[in-house]
Amino acid sequence: MYNQPDTTVLNLGGTEVLVSVYSPTGRVTSKPIADNIRDILEAQRSYLGGTLPVDKYAFLIYVPERPGKSGSYGALEHSNSSVYYLPEMPEERFNSTMRDVAAHEFFHIVTPLSIQSEEIHDFDFINPRMSKHLWLYEGVTEYFASHVQVHEGLISVDEFMQKIREYIFNSMAFNDTLPFTEMSAKVLDEYENQYGNVYQKGALIGMALDIQLRDLSDGKYGLVDLMQDLAKTYGKGRPFKDDELFDKIAELTYPEMRTFFARYVEGSEPLPLGELFNKVGVKYEPVSVQLVNSYGGFVPGYDLEADKITVAEADDMDEFGQQMGFREGDQLLAFNGREITPMNIRDIIGEELQQAKPGSKIEITVGRKDAKGNVKPKKLTGKVTAVKREVLHLLEPVASPSERQLRLRASWLNDTMP
């Protein structure tokens with residue numbers, strides 16, 4: 001990246017990490033980003049056994065003042081570097097996005113950059129031919145990027161479970177009966193519209209393999225151990241044959257793993273999520289009816305200029321929403337005096353509101369336009385109201401876990417849930 005230098009260097013064990021930033025406005029600089037991602041890199045070093053598999057690494061970050069014509073942003077990995085195209089956004093959201101994306105891209109040094117098939121190792125850019133193992137290259141990488149954060153204590157178990165719920169929910173937009181290996185091999189043409197699932201169901205396949213391996217080993221061997229064994233078996237310059245990988249994994253681990261791949265990765269069977277979560281003492285319900293404290297039942301929106309969550313549609317509000325008096329266009333400013341932001345809205349609705357006692361007083365401050373079009377704060381008051389709601393893909397600890405469930409869950413999450 002050719003630009004006026006703005007760099008910070010981190011020394012992590014035996015690895016030198018360069019963070020280089022180009023921000024035309026100068027509002028985003030390298031040192032705060034380096035400070036922000038230091039924890040995730042240290043966590044990855046611990047997660048991978050204490051050392052990182054590279055001597056030098058570079059994060060090259062371009063932060064344009066406004067998004068490009070497509071509105072898209074993202075990142076791309078290489079063996080010893082990754083490049084990022086991220087728009088300017090509020091600091092808290094930028095830090096969160098950068099950590100998640102950096103965690104994903106950095107883990108690519110394990111797969112496919114250290115563990116790769118012949119199709120990837122000898123990639124023909126003129127006549128491209130894809131490998132069958134996008135579940136490994138992108139799915140396992142995405143899973144690791146989330147799992148490392150809970151395993152190393154950077155996020156709570158509840159936050160991790162929310163990430164898993166999002167993977168499950170988002171994967172439902174794709175064809176769940178299409179064998180993942182078939183989709184992967186034909187993703188450049190026939191199944192191009194299914195590619196996004198590598199970051200959703202692909203991550204769930206990674207999670208499923210992790211839980212399955214821990215179950216078979218009584219908590220002594222997980223997916224990261226398998227990746228390290230595969231790196232020793234293959235590694236840079238020693239690609240594997242696409243059709244041999246599943247047999248090799250079964251040989252390195254347990255014969256049961258070959259059946260797992262045949263049914264859920266090569267085959268068309270949906271992942272047995274309920275069975276898998278139960279192994280680690282977590283209850284999974286695809287649809288659960290629960291009594292929850294209502295937020296109003298309006299359709300939420302987002303005001304980009306104000307960076308506020310809004311009431312986008314108010315026609316179908318429930319009793320609580322009508323009682324509070326929400327109106328279309330209202331900006332959500334504060335909940336019982338606490339500022340509402342796009343970053344904390346989930347915590348406020350999912351935790352603070354749910355902990356409130358039904359019937360207790362509640363105050364929500366909204367920003368509402370007056371007759372002249374100026375946004376003025378207005379306090380809305382009412383009483384907390386419980387309603388029956390369908391909760392999709394509920395994940396919660398089982399009521400009375402067995403000693404084995406507790407042991408496997410502690411192995412999986414490096415934590416003990418109640």
Side-chain angles (χ1 to χ4, degrees), residues 53 77-79 107-144 171 174-217 221-272 276:
E77 83 280 358
H78 199 264
S79 296
F107 262 124
H108 275 306
I109 59 178
V110 177
T111 172
L113 300 172
S114 292
I115 307 167
Q116 57 188 226
S117 69
E118 293 172 337
E119 287 79 4
I120 302 301
H121 184 265
D122 304 314
F123 195 78
D124 186 340
F125 288 88
I126 305 301
N127 300 296
R129 191 164 64 94
M130 270 303 295
S131 163
K132 297 192 297 186
H133 298 296
L134 274 173
W135 67 270
L136 170 67
Y137 309 135
E138 292 295 350
V140 167
T141 300
E142 177 63 22
Y143 170 68
F144 277 165
S171 72
F174 300 94
N175 183 352
D176 196 36
T177 61
L178 174 64
F180 219 78
T181 49
E182 183 181 349
M183 181 273 285
S184 181
K186 300 176 182 178
V187 76
L188 297 177
D189 39 62
E190 187 175 347
Y191 297 124
E192 180 183 1
N193 65 345
Q194 296 293 310
Y195 175 72
N197 209 16
V198 302
Y199 302 104
Q200 311 303 331
K201 185 176 180 180
L204 295 174
I205 290 173
M207 180 200 72
L209 292 172
D210 198 11
I211 293 175
Q212 191 77 0
L213 286 168
R214 291 176 194 276
D215 179 46
L216 291 168
S217 66
Y221 188 94
L223 186 58
V224 71
D225 302 297
L226 171 60
M227 292 301 112
Q228 290 172 333
D229 285 346
L230 286 173
K232 293 173 190 173
T233 304
Y234 299 109
K236 289 186 177 180
R238 302 197 306 274
F240 59 81
K241 292 186 181 297
D242 240 32
D243 291 336
E244 296 177 0
L245 180 63
F246 292 145
D247 291 331
K248 175 57 70 174
I249 290 175
E251 180 186 319
L252 289 171
T253 59
Y254 303 93
E256 293 91 335
M257 297 306 297
R258 190 64 189 87
T259 303
F260 184 92
F261 284 117
R263 293 178 65 182
Y264 306 116
V265 186
E266 292 174 297
S268 59
E269 290 185 54
L271 288 168
L276 288 163

Looking only at heavy atoms, which two atoms of [X] and [Y] are closest? And how far apart?
X    : Y    : answer
Y137 : S131 : OH-OG, 3.2 Å
I109 : S79  : CG2-O, 3.6 Å
N197 : F180 : O-CZ, 3.7 Å

* **Sequence-distant partners of R258, salt bridge (charged side-chain N to carboxylate O under 4.0 Å, His left out), two or more places apart** => D247, E266
* Who are the salt bridge (charged side-chain N to carboxylate O under 4.0 Å, His left out) partners of E119, not counting sequence neighbours? -> R129
If I take atom [atom1] from residue [X] and atom [atom2] from residue [Y], how far apart are they, to the nearest 0.5 angstrom?
X    : Y    : atom1 : atom2 : value
L136 : S117 : CG    : OG    : 9.0 Å
D242 : K132 : CG    : NZ    : 5.5 Å
H108 : E142 : NE2   : CD    : 8.5 Å
S171 : Y199 : OG    : OH    : 15.5 Å
M130 : Y191 : CE    : OH    : 14.5 Å
R263 : L271 : CZ    : CG    : 11.0 Å

Using atom types as modelled, flag every donor-acceptor pair under 3.5 Å from a side chain in residues 202-213 to any protein atom, sequence neighbours excluded.
from	atom 1	to	atom 2	distance (Å)
D210	OD1	R214	NE	2.9
D210	OD1	R214	NH2	3.3
D210	OD1	L223	N	2.9
D210	OD2	Y143	OH	2.5

* Mind running side chain to side chain contact (heavy atoms under 4.5 Å, CB included) on M183 and V198 for me, showing each step along the way? => CA-CA 10 Å; M183 181 273 285; V198 302; 3.9 Å; yes
* To do: List for me each residue that meets side chain to side chain contact (heavy atoms under 4.5 Å, CB included) alongside E256, sequence neighbours excluded, and say none if there are none.
  => L216, Y254
* Mind checking whether F144 and F107 have parallel, tilted or perpendicular rings, split at 30° and 60°? -> tilted
* To do: Quick one: sort the F261 and W135 rings into parallel, tilted or perpendicular, breaks at 30° and 60°.
  => tilted
* Pairs involving residues 183-203, ordered by first then second residue, that meet salt bridge (Lys or Arg N to Asp or Glu O under 4.0 Å) (sequence neighbours left out) -> D176-K201, E182-K186, K186-E190
* Any sub-3.5 Å donor-acceptor pair from T177's side-chain atoms to S268's backbone N or O? -> no
Please tabulate, for the side chains in residues 227-234, all donor-acceptor contacts under 3.5 angstrom to protein atoms that are two or more places apart in sequence or on a different chain.
from	atom 1	to	atom 2	distance (Å)
Q228	NE2	L48	O	2.8
D229	OD2	Y221	OH	2.7
T233	OG1	D229	O	2.8

